Peer 1: 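I have a structure here, written as structure tokens, and I will follow up with some questions on it.
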Amino acid sequence: MNTGHQHGRSGDRRGFDRRRFLTRAALGGATVVGASALGGLDAEAAFAEPMPSLDPAIARSTFAEGRISRVNGSVLEVKGSYGEQHLVQLTNATSVWKLRPTTADAIKPGDGLYARGVDMPDGTIAADAVWVNIVNILCTIRGIAKDRLHLSHGRHAVVGHLHAAHTTASYLGGAQTADLSRLRIGQSAQILGAWRPEDDGIDVARVTAGH
Amino acid sequence: MISLLSTLAPLLCGGLLAATGAGKLFGRQVARQAAGTVLVRLLGDGRRAARALRCVGAAELAVAAGLLAAPRAVASCGAAAVLGAGFLGYLGYAKATAPRSSCGCTAGEEGPIGWRSFTRAALVVAAGLAAPAADGTWWSAPAGRPVASAVLVLLAAAVLVVLFGGVDRLWLLPLRRARLRVFGHPLGGPAAGAPVAASVELLERSLAWQAASAVVRSGLLDHWDEDGWRILRYAGVHEGGQGARPVNVLFALDLAATVDNTPRPAVRVTVVDDATDEVVQVPLPTAAPRTLLPLAEPA
Amino acid sequence: MACGSTSLWAGESTWFCCGSAWGPCGSAGTGACGTCQSSRAQAAWPNASQACFDITRPDLCGENIPRRGCGSVMNVRHQCSGATVCVTISDCGPRTKSFCGEATCCNGACRTNRVIDLTPAAFSAIGNLDSGMLPVYIYE
């Protein structure tokens, strides 16, 4: 089994049993969605129609942005970029992204944050998902080395650090792949990654290569 | 060689200061340039910072003129050394108090202060100190040693080009391209298996995602591979007959499937109550009958 | 102005940050309209003005995108999930010409070319930020 997260020894055991249970649930008796019968939906015709009224749960969500000033147990104190303050409550149902899906332990004061959640009566935000230090910037590749890309973002030089286990590339809409060998100097590239507050570099999660 | 260098120092330093000074004094982007510097905080507002930057530009031009016209005069050499020392102090202060601020040194360069800015300032100081020791004026040097003078000026010009980040594309990119051609591409080729991000991408563009979107609330919480399947776990809320309850939404995909090889994937979707671990029956558009899959026993 | 339901365009959507926020965003400023903030439901449109169009050049990818200036309001709908967000045009982008021909598909139905850029607040309302890109329908 390939573990996605880090756990302690007992956590490993619990995580293993839990995953085995969930795997059984996921494969035995699961609903199968997406076989060909439903594939014939005419997307173009659907678009031409007036927009159907939809009520996805996600649309009722709230959003917070800022720098994390303090981590207080499972509550993140966040200072918004326009002076506002947010208290973001993490639960075991909150997804945490920091270069990869990870856990709340990876969050540090000084990190930047985007959070999606629900406003609670006590003024906190119960987070469904938080993205820590995530950036998505349009760059030009200026240099390629074994462990990093030299990038220019506007008139700024940025170093993109590559991580063998996490960095993927996508070439003009193709599937994400660990194959970075088709990146070229001079190419436009959308860089999705985790900003590094300590040196202003970026840990690269995905390079989407353009022309 | 040392004496030739000190003779030519006023020319090189004057040229450097004339270029950066003119950029600051006459540049159209000076206001924008000033906005990123520590001067804004020192002086209170961006307009004053821009004015200060233009004044520094004028001072640089004056010193440059002095160095070029009277290369051995103590006044012009001293002014250059003082100016360079001032730059060093400013850069040190900016680096210490606002590491993310830009230098404002040249028109073509933005971004945090780096070694180039410090080296340029140090060279100005060095030139100011070395010039009085020269044997003659810079315009008399080529007469005695024309080849050495030309080589030295060219070398110094190359060093200055390297010290200006804005002109990297003229020399650094071709150099890096050539290196890739000679030594090959340093990054690895195709690897076995699909990265987790590729599975997530496939899931989020599938009918299964559409079917489950009313339940899923979180981003990807956890993932693991087992028996050729990749399991992706999300958190969600199921609003059924007994009110809203937190659930785990599990998606099982073929380990090797990506949007390239499986544009219309069949995805197994299961909703499990987070508190009771019961499988919750959520109506999803199904397209295939449910089947029980064999699962390997734990070793 | 309310968000309408008349179909306007369809294509790929990415996200970008703006306003005085953290990280590389700090240098982005408040965008071409001077109002852009990451924490608001806003978007960048490739034909927000002639000057903007000259940078993004969607026509080079065959996208004859109509002019919609600062302050225009649009409904952006995730093609795969149907989740929708109402956004105000506050900046110029994305740079369509740099990714001509790029396609993002939902169960085999593909959207081509980058035609709108959403702020993190808007993008996260209809998808996950770490997805980076979504196929969308746009209504006005």
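Given the structure is predicted, the values throughout are model-derived calculations rather than measurements. Within every chain, numbering begins at 1; the chains are lettered A, B, ... in the order of the sequence lines, protein sequences first and strands thereafter.
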Peer 1: Let me know if A:A115 has heavy atoms under 4.5 Å from chain C in its side chain, its backbone, both or neither.
Peer 2: neither
Peer 1: If you count the non-hydrogen atoms of other residues, nucleotides and ligands that lie under 6.0 Å from CZ in A:R142, is the total more than 12?
Peer 2: yes
Peer 1: To the nearest 0.5 Å, what is the distance between SG (C:C17) and CH2 (A:W195)?
Peer 2: 10.5 Å
Peer 1: I'd like to know whether CZ of A:R196 has more than 12 heavy-atom contacts from other residues, nucleotides or ligands below 6.0 angstrom.
Peer 2: yes
Peer 1: Which region of C:C100, side chain (C-beta onward) or backbone (N, CA, C, O), has a non-hydrogen atom less than 4.5 Å from a non-hydrogen atom of chain A, or is it both or neither?
Peer 2: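 Both backbone and side chain of C:C100 come within 4.5 Å of chain A.
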Peer 1: Tell me, do A:H156 and C:P24 make a side-chain contact under 4.5 Å, heavy atoms counted?
Peer 2: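 The answer is no; the side chains never approach within 4.5 Å.
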Peer 1: Hey, does C:D130 have a side-chain heavy atom less than 4.5 Å from the side chain of A:W131?
Peer 2: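 They are in contact (side-chain heavy atoms under 4.5 Å apart), so the answer is yes.
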Peer 1: Any non-hydrogen side-chain atom of C:F99 less than 4.5 Å from a side-chain atom of A:L138?
Peer 2: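 C:F99 vs A:L138: side chains touch.
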Peer 1: Identify which part of A:S95 has an atom lying under 4.5 Å from any heavy atom of chain C, answering side chain, backbone, both or neither.
Peer 2: neither
Peer 1: Taking all non-hydrogen atoms of both residues into account, name the closest pair between C:A21 and A:S81 and its distance.
Peer 2: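 So the minimum-distance heavy-atom pair works out to CA-OG, 3.2 Å.
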Peer 1: Once you round to the nearest 0.5 Å, how far does CD of C:E102 lie from NE2 of A:H211?
Peer 2: 8.5 Å
Peer 1: Determine whether more than 12 heavy atoms belonging to other residues, nucleotides or ligands lie under 6.0 Å from atom CG of A:N72.
Peer 2: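 More than 12 within 6.0 Å, yes.
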Peer 1: Applying side-chain contact (heavy atoms from CB on, under 4.5 Å) to C:L129 and A:R116, what does each step give before you reach the verdict?
Peer 2: CA-CA 10 Å; C:L129 291 177; A:R116 179 178 73 212; over 6 Å; no
Peer 1: Any non-hydrogen side-chain atom of C:S39 less than 4.5 Å from a side-chain atom of A:Y114?
Peer 2: no
Peer 1: Using non-hydrogen atoms only, which part of C:A121 is less than 4.5 Å away from chain A: side chain, backbone, both, or neither?
Peer 2: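 Both parts, heavy atoms under 4.5 Å.
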Peer 1: Using a 4.5 angstrom heavy-atom cutoff, name the option from A:G80, A:G173, A:A129 with the most pairs to chain C.
Peer 2: A:G173
Peer 1: Are any non-hydrogen side-chain atoms of A:Q190 and C:R114 less than 4.5 angstrom apart?
Peer 2: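 Yes, their side chains come closer than 4.5 Å.
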Peer 1: Measuring only between side-chain heavy atoms, which start at C-beta, is A:L192 closer than 4.5 Å to C:W15?
Peer 2: yes
Peer 1: Can you tell which of A:D111, A:V158, A:V135, A:I202 has the highest number of heavy-atom pairs within less than 4.5 Å of chain C?
Peer 2: A:V135
Peer 1: Could you tell me whether the side chain of A:Y82 reaches within less than 4.5 Å of the side chain of C:Q37, counting heavy atoms only?
Peer 2: yes
Peer 1: Which answer fits A:A64, side chain, backbone, both or neither, if we ask what part of it has an atom under 4.5 Å from a heavy atom of chain C?
Peer 2: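 Contact with chain C is absent: no heavy atom of A:A64 under 4.5 Å.
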Peer 1: If we ignore hydrogens and angles and just use 3.5 Å, is the side chain of A:R206 paired with the main-chain N or O of C:S131 as donor and acceptor?
Peer 2: yes
Peer 1: Within this structure, what is the CG-CD1 distance for the pair C:N128 and A:I134, rounded to the nearest 0.5 Å?
Peer 2: 9.0 Å
Peer 1: Ignoring hydrogens, what is the shortest heavy-atom contact between C:W22 and A:G66? Give both atom names and the distance.
Peer 2: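 Heavy-atom minimum between the residues: NE1-O, 3.2 Å.
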